[in-house]
2 protein chains.
Amino acid sequence: MARYMDVHEGMKGITADELREAHAADLAIEGEENVHFERAWADPESGVVYCLSEAPSREAVQRVHERTGHPAAHIHEVPLTV
Amino acid sequence: MARYMDVHEGMKGITADELREAHAADLAIEGEENVHFERAWADPESGVVYCLSEAPSREAVQRVHERTGHPAAHIHEVPLTV
């Protein structure tokens with residue numbers, strides 16, 4: 001397992017409810033890929049959303065996001081943290 | 001006060017010690033700008049570093065990062081979180 005930060009773009013105007021619903025959709029199926037989405041942060045003005053997860057691979061993160069309708073634009077493994 | 005996610009690029013090969021030192025340098029002066037850097041995540045392979053902070057403005061975040069020698073490439077306010 002490793003930690004990943006993924007970035008979504010083009011979500012201008014996203015609301016708190018929409019962020020919660022998107023996150024809940026990921027949580028509902030993440031177990032099938034052994035992924036866990038821990039937190040997400042959204043900027044409605046620029047449409048950028050950051051998601052922090054633990055997962056077996058970058059591909060597993062993307063499979064969950066694709067199935068729930070919001071594929072990530074970038075996914076970086078972030079092995080270092082403070 | 002608001003929450004910000006900022007992104008650094010070009011830090012390929014960053015080590016755990018270097019990330020800790022950079023974060024400690026920010027913490028040492030952040031009070032002068034009423035900023036608090038909460039966490040940071042780094043990908044040594046791509047050279048991308050994400051920093052989460054609370055701050056009075058985007059400019060305050062950048063002033064701290066500039067003074068400690070690592071200006072951010074992007075800074076987004078992230079008012080929504082889950």
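Within every chain, numbering begins at 1; the chains are lettered A, B, ... in the order of the sequence lines, protein sequences first and strands thereafter.
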Clusters formed by hydrophobic residues whose side-chain heavy atoms approach within less than 4.5 Å: which one holds B/I14, and what are its other members?
A/L80, A/V82, B/M11, B/L19, B/V49
Heavy-atom contacts under 4.5 Å, residues 52-77 of chain B to chain A
B/L52, B/H76, B/E77
Tell me the residues of residues 2-9 of chain B whose non-hydrogen atoms fall below 4.5 Å from those of chain A, in number order.
B/R3, B/M5, B/V7
Can you check whether anything in residues 33-43 of chain B gets within less than 4.5 Å of chain A, heavy-atom wise, and list it by number?
B/E38, B/R39, B/A40, B/W41, B/A42, B/D43
